[in-house]
Participant: 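Below you'll find the structure I mean.
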Amino acid sequence: MSNLKEFLEECEKLGTLRLIVTSSAAVLEARGKIQKLFYAELPKGKYANMHTEGFEFHLNMDKITRVKFETGEAKRGNFTTYAVRFLDEKEEPALSAFLQWGKPGEYEPGQVESWHELKEKYGEVWEPVPVEEI
């Protein structure tokens, strides 16, 4: 069975994503690709990290208990959205990764197909095995 580190590395083929983190008081959205990940083991857990020109990304892989693939209807426009939700122990999204479109409903070539391939491989809801070493 695969772990979250392996899964995140496969997410590179999803292309440009809208990465969303929501707290009780704010929502942060960043646009970018999951690529050039590096890893660190800290007292708080095993982290997947990424630095880009526009943002830094740090995900405590030990806190993610499930990964869920979801489709939805765009809030603005009439097209399907595709998301990967990284759920914590409370079954709440710690991180959401939506396929990012250029014009509404126009995804990068191969992006939707890659999302479906990952969903087919891992299932609609997937429980990663713990990352043993990084």
Participant: Can you tell me if Lys68 has over 12 outside heavy atoms packed within less than 6.0 Å of its NZ?
Facilitator: no

Participant: Between Asp62 and Lys44 (side chain of the first, backbone of the second, donor and acceptor by atom type, cut-off under 3.5 Å), is there such a pair?
Facilitator: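 Side chain of Asp62 to backbone of Lys44: no pair is present.
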
Participant: Check Met50 against Ile34 and note the closest heavy-atom contact, atom names and distance.
Facilitator: SD-CA, 3.7 Å

Participant: Please walk me through it: do Phe55 and Leu28 pass side chain to side chain contact (heavy atoms under 4.5 Å, CB included)?
Facilitator: CA-CA 11 Å; Phe55 66 92; Leu28 178 63; over 6 Å; no

Participant: Mind checking whether Tyr107 and Tyr82 have ring centres under 6.0 Å apart?
Facilitator: yes

Participant: Tell me whether Glu106 contacts the main-chain N or O of Lys103 through its side chain, where contact means a donor paired with an acceptor under 3.5 Å.
Facilitator: no

Participant: Under 6.0 Å between ring centres: does that hold for Phe38 and His51?
Facilitator: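 Between His51 and Phe38, which both carry aromatic rings, the centre distance is below 6.0 Å.
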
Participant: For Val67 and Tyr122, what are the C-alpha separation, side-chain angles and deciding distance, and is it a side chain to side chain contact (heavy atoms under 4.5 Å, CB included)?
Facilitator: CA-CA 9 Å; Val67 174; Tyr122 290 93; over 6 Å; no

Participant: Side chains of residues 86-93: which donor-acceptor partners sit under 3.5 Å, not counting sequence neighbours?
Facilitator:
residue : atom : partner : partner atom : Å
Asp88   : OD1  : Lys90   : N            : 2.9
Asp88   : OD1  : Glu91   : N            : 3.3
Asp88   : OD1  : Glu92   : N            : 3.0
Glu91   : OE2  : Arg66   : NE           : 3.3

Participant: Within a strict 4.5 Å, meaning less than it, do heavy atoms of the Leu99 and Thr81 side chains meet?
Facilitator: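 Result no, sub-4.5 Å side-chain heavy-atom pair not found.
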
Participant: Closest heavy-atom contact between Ala97 and Leu17?
Facilitator: CB-CD1, 4.2 Å

Participant: Drop me the distance from Ser2's OG to Lys121's NZ, to the nearest 0.5 angstrom.
Facilitator: 5.0 Å

Participant: If you round to the nearest 0.5 Å, how far is CD of Glu117 from CD of Glu120?
Facilitator: 9.5 Å

Participant: Restricting to non-hydrogen atoms, name the atom on Trp115 and the atom on Ala83 that form the minimum distance, rounded to 0.1 Å.
Facilitator: NE1-O, 3.2 Å

Participant: Taking atom CD of Gln100 and atom NZ of Lys33, what is their separation to the nearest 0.5 Å?
Facilitator: 12.0 Å

Participant: Salt bridge check: are Glu12 and Lys36 linked by an N-O gap of less than 4.0 Å?
Facilitator: no

Participant: Among Gln111, Glu108, Arg31, find the one that has a side-chain hydrogen bond (donor to acceptor under 3.5 Å, both in side chains) with Thr16.
Facilitator: Glu108

Participant: Which atom names give the shortest non-hydrogen contact between Tyr47 and Asn49, and what distance separates them?
Facilitator: O-ND2, 3.4 Å

Participant: With side chain to side chain contact (heavy atoms under 4.5 Å, CB included) as the criterion, how do Val84 and Leu118 come out once you've worked through the C-alpha distance, each side chain's angles and the decisive distance to 0.1 Å?
Facilitator: CA-CA 10 Å; Val84 179; Leu118 285 175; 5.8 Å; no

Participant: Given ring pair (Phe, Tyr, Trp, His ring centres under 6.0 Å), test Trp126 with Phe69 step by step and report yes or no.
Facilitator: CA-CA 9 Å; Trp126 170 64; Phe69 290 84; 8.5 Å; no

Participant: Could you see if Phe7 belongs to whatever hydrophobic cluster contains Tyr39? Use Ile, Leu, Val, Met, Phe, Trp, Tyr and a side-chain cutoff under 4.5 Å.
Facilitator: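 Yes; Tyr39 is reachable from Phe7 via cluster members.
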
Participant: For atom NZ of Lys119, is the number of surrounding heavy atoms from other residues, nucleotides or ligands below 6.0 Å larger than 12?
Facilitator: yes

Participant: Rounded to the nearest 0.5 Å, how far does CG of Leu37 lie from NZ of Lys5?
Facilitator: 9.5 Å

Participant: To the nearest 0.5 angstrom, please state how far the CD1 atom of Ile64 sits from the CZ atom of Arg85.
Facilitator: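 Between atom CD1 of Ile64 and atom CZ of Arg85 there are 12.5 Å.
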
Participant: Taking side chain as C-beta onward, heavy atoms only, is His116 less than 4.5 Å from Ser114?
Facilitator: no

Participant: Closest heavy-atom contact between Leu8 and Ala48?
Facilitator: CD1-CB, 3.6 Å

Participant: Verify the neighbour count for atom CD of Glu73: are there more than 12 heavy atoms of other residues, nucleotides or ligands below 6.0 Å?
Facilitator: yes

Participant: Taking transitive links into account, so neighbours of neighbours count too, which hydrophobic residues share a cluster with Val27 at under 4.5 Å side-chain distance?
Facilitator: Ile20, Phe98

